[in-house]
Amino acid sequence: MSLEKERYADVIVDVTQASMDRSYQYRIPPELENKIRIGCVVRIPFGNGKRSAEGYVLNIGTEPRIARDRIKPILEVPENRVTIESKLIELALWMKTTYGSSLNNALKTVLPVREKEKHAVREEVSLVWPEKKTRLLLEQYTRRHYAAKVRLLTALLKTNELEKSYVTGTLKITPESLRSLEREGVISVRSADLTRTPDDLQEPEEKEKPCILTAEQSRVCNGILREWEGANRPCLIRGVTGSGKTLVYMDLMEKVLKEGRQVILLIPEIALSWQNVKRFRSRFGNAVTILNSKMSKGERYDQFERLKKGEAQIVIGPRSALFTPFPKLGLIIIDEEQESSYRSENAPRYDARETALERARIENAHVVFGSATPSVDSVFRCREGRYAGFLLESRYGNADLPAVHVEDMREELRHGNRSILSEALREAVKERLERKEQTILFLNRRGYSGFISCRSCGEVIKCPHCDVSLTFHTNGKLVCHYCGYEISQVSRCPSCGSPYIGGFRAGTEKVEAELHRFFPEAGIIRMDADTTRKKDGYARILRSFASGEADILVGTQMIVKGHDFPRVTLVGVLAADLSLFVSDYRAAERTYQLLVQAVGRAGRGDLPGEAYIQTYHPDHYSIRAAAKQDYDAFYDEEMLAREMMHYPPACNLLAIHGSCADEQRLVVAMGHLKRYLIRNQSRDTVIIGPAPENIRKIQDIYRQVLYVKEPDEERIIRLRRLAEKFIEINSGFNRMMFQYDLNA
Ligand code: ADP
Ligand code: ZN
Ligand code: ZN
C-alpha cells in the first residue's frame with residue numbers, strides 16, 4: 001500500500017443519460033494517475049462478468065462512496081480517444097466552476113439527453129391525382145351525394161395535404177372511405193416523421209452565388225482571417241444595420257467549411273425566422289440546418305445524432321445550439337451579441353458568449369461576435385486588446401440613416417398637449433398616411449396601462465404575492481404578470497375608499513385606441529406579448545404588415561428587431577424613458593441599443609426615413625447619442641459611469657440571490673453570509689446589501705440579494721465558491737434557495 005491517499009474517479013458509461021447518479025466509482029491505479037483528467041475516456045470493468053466498457057470521467061476525488069475493497073480499478077486510458085463527448089464534459093465542468101451549478105445540471109445543459117419517448121409520428125393525407133382529374137371525380141361524387149368524399153376532395157384541392165387527425169376528426173371521414181380512395185390511387189396516406197425539421201423537406205431552389213464584397217467588407221473579412229492565423233483572439237464586428245455583416249459571416253463560414261470544419265451561428269430567438277435562415281440556405285444549401293428551443297429533448301437528441309454524423313455543417317439556432325456536438329468545430333458566430341437572451345435563466349446561468357469562448361478554446365475554433373450596437377463589455381475588451389475589433393461604417397449602397405428628431409414631452413405638456421403623440425409626430429404620421437407610406441410606433445411596455453393608483457392617497461394596487469403593481473387589461477381585469485393573479489377592476493381605493501382611482505401611462509392597447517381616434521381611416525396593427533401569444537402570431541403580424549395590409553404598426557420592443565419593411569419611412573419612439581430608469585445598471589445601455597435599433601427600422605428601402613424620439617429627458621446621454629447614432633459618444637459616457645460605480649466591465653459584480661418563505665430567517669442568513677465573505681475578502685472587495693430584490697416576493701417566496709464587487713475575476717469566483725460551501729454546511733441556510741449571477 002502506498003502512503004498517498006488513493007484517488008477515485010466517477011465514471012459514466014452512457015452519456016446520453018447525462019446524470020451523476022448514473023455514474024460509478026473506480027479506483028485510479030498509480031500508473032494511470034497522470035493520464036486521467038475530467039472528461040477523458042477510460043476502459044473499465046463493467047457488469048458481473050469479465051465484460052469491460054468505455055466511459056467518461058466526470059469527477060475525481062479521494063472519498064470512496066462504497067466499501068473500499070469493492071471498488072474496481074480503471075483498466076486503461078485508450079490512446080488518442082478524444083471524443084466530442086470528452087470535450088463537452090470538459091466544457092460542463094468549466095460551466096459548473098464559473099457559474100456555480102451542480103455538475104449534473106451543467107452536464108444536462110451540454111449533453112443532449114436521449115429520452116425514451118414514443119416516436120412521434122404524424123400521418124398525412126395527400127392528393128395524388130392531378131387537379132383536373134380530381135375535379136371530374138368530385139363532380140361525380142357530388143351528383144351521387146357522397147358527402148364525405150366531397151368534403152375530403154374539396155379540402156384537398158385547396159391544400160393538397162392534410163393531417164390525418166384533421167381528416168378523421170374535423171372532416172369526419174371514416175377509415176373505410178379513406179381506404180377506398182387510397183385503393184383507387186386518388187389519395188395517399190403516409191406518416192411524416194416529426195423529428196425531421198422543416199428544412200429537410202425541401203431542397204432549396206437555386207444556390208446563390210456569393211456577392212462580391214465591397215472594399216470595406218473585404219478589409220474586415222481579411223482582417224479576421226489574418227487574426228485567425230495569428231493570435232486568434234475573439235473578433236468583434238461592429239457594423240451599422242445593412243452594412244453587410246451577414247455577408248462577411250458567410251465568407252468566413254465558407255472558409256471554415258472548406259477546411260472540413262463546422263460552424264455554429266447563434267442568433268437571438270426572436271430573429272430565428274424562416275426568412276433569415278433562407279438567406280444562408282440559398283448560399284449553402286442543405287449544409288445549413290436549424291435548432292430551436294421549441295424542439296423537445298428527444299428531437300434535439302435526434303438532430304444532434306445527425307449532426308455528429310456530419311449530415312450538416314452549419315447550425316443556426318438560439319443559445320442552446322452552442323452545444324451542437326460537431327466533430328470538428330471550426331467557428332462560432334454570435335450575431336447581435338448584446339442580446340440578453342444569450343444568458344440562461346436556469347442553472348447553470350451561463351453566458352453563451354463566455355461559454356462560446358471556452359468551447360472554442362477547448363476545440364481550437366474561432367469566435368466572431370457581431371452587432372450594430374455591441375455590448376459595453378465587448379467593446380471594453382476590444383479597447384483592452386483582448387478582442388480584435390472591426391468596423392463596418394457604411395450601409396451597403398450608402399443608404400442614408402434616417403433623420404432623427406428628439407421631442408421634449410415636458411414642452412408638449414406645457415403647451416397643453418396631454419396626448420401620447422407630440423404635435424410633430426402626429427403631423428408626421430398624417431403625412432405618411434397621405435403618401436401611402438408606413439409608420440412604426442414603438443412602446444417599450446405591454447398591456448393596457450402601467451398600474452392603477454389612487455389620486456387621493458397615492459396607493460398603488462399591487463399583487464398580494466409578488467410586490468409588483470397589477471396591470472389593467474381591457475377585459476376589465478387587473479393582472480399580475482409574474483404569477484397570473486387576477487382581480488376585477490376596483491372602483492374605490494382599497495386603502496382610503498376614494499373613487500378617484502385610475503391608470504397612468506399608456507400601454508400598446510391605449511396607444512392603438514388613441515390612434516384610431518386621431519386617424520379613423522388608418523389601418524392599425526398591434527404587436528405585443530398579448531397579440532403574439534398564439535403560435536405563429538408573430539410571423540403572421542409581420543407578414544400582414546409587410547404586405548401593406550396596414551398603415552401603422554404599434555408594438556413593444558419585439559418590433560424593432562431585425563425586420564425589413566421597405567415602405568416604412570417613419571418610426572416613432574413614444575416614451576424613450578420607460579426603459580431608462582428601471583433599476584438595472586445596464587438601463588442606459590439597453591435604452592441606447594433599443595433606440596438605435598428602432599430608428600434603424602425607418603428608411604430601409606429606396607425612400608428616405610425619419611424618426612422621432614419622445615422623451616422627458618432629452619439631455620440624457622443615451623438619448624442624445626442614439627439620436628446621432630454615435631456609439632463612441634455613448635460608450636465614453638457610459639464607461640465613466642461604470643467606473644465611478646464599480647460596475648462591469650470596470651469591475652466584476654457577483655449577485656447572490658437568496659429566497660425563502662420566511663423573510664426574517666432569510667435576512668438573518670444573508671447577514672451571516674455577508675460577514676463570512678467580509679472575513680475572506682480582498683482589500684478591493686466591496687459587499688453591498690443584503691437588500692430586498694426589486695420584486696420583494698414572488699408567489700409568497702421572499703427574495704434578498706447581496707452584491708459583491710471585486711476587480712479580480714479569479715478572486716470573485718473564489719468568493720462565490722466559498723459562499724457555496726458555507727451555505728452547504730450551515731444548517732441556518734436550510735430551506736433556502738441560492739442563485740449566483742456573475743457580471744449579469
Ligand atoms: P447586416 O447583416 O449588416 O444588416 P446585410 O448583410 O444584411 O447587412 O446587408 C444588407 C443588404 O445589403 C442586403 O440586402 C445585402 O444583400 C446587401 N449587400 C450588402 N453588401 C453587399 C455586396 N457586397 N454586394 C451586394 N449586396 C450587398
Ligand atoms: Zn386611496
Ligand atoms: Zn403575483
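Just so you know, ligand 1 is whichever comes first in the structure, and atom 1 is the first atom listed for that ligand. Throughout, residue positions are numbered sequentially from 1 according to the sequence presented. Quick note: numbers below take in every heavy atom, side chains included, and nothing from hydrogens, waters or symmetry partners.
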Quick test of your reading of the model: are [X] and [Y] salt-bridged, counting only N-O distances below 4.0 Å?
X      : Y      : value
Arg624 : Glu637 : no
Lys245 : Glu336 : no
Glu254 : Arg283 : yes

Pairs under 3.5 angstrom, nitrogen or oxygen on both sides, ligand 1 versus protein: list them out, please.
residue	atom	partner	partner atom	Å
ligand 1	2 (O)	Thr246	N	3.1
ligand 1	2 (O)	Thr246	OG1	2.5
ligand 1	3 (O)	Ser243	N	3.3
ligand 1	3 (O)	Gly244	N	3.0
ligand 1	3 (O)	Lys245	N	2.9
ligand 1	3 (O)	Lys245	NZ	3.0
ligand 1	4 (O)	Gly242	N	2.8
ligand 1	6 (O)	Thr246	N	3.4
ligand 1	6 (O)	Arg279	NH2	3.2
ligand 1	7 (O)	Arg279	NH1	2.8
ligand 1	7 (O)	Arg279	NH2	3.4
ligand 1	8 (O)	Gly244	N	2.9
ligand 1	20 (N)	Gln217	NE2	2.9
ligand 1	23 (N)	Ile212	O	2.7
ligand 1	23 (N)	Gln217	OE1	3.0
ligand 1	24 (N)	Tyr396	OH	3.3

- Task: Mind listing the closest non-hydrogen atom pair of Leu433 and Ala522 along with its distance?
- Result: CD2-CB, 3.7 Å
- Hits for side chain to side chain contact (heavy atoms under 4.5 Å, CB included) against Ser378, two or more places apart or cross-chain, chain-then-number order -> Leu236, Glu337, Arg353, Ser375, Tyr387
- Gln303 and Thr289: side-chain donor and acceptor closer than 3.5 Å? yes
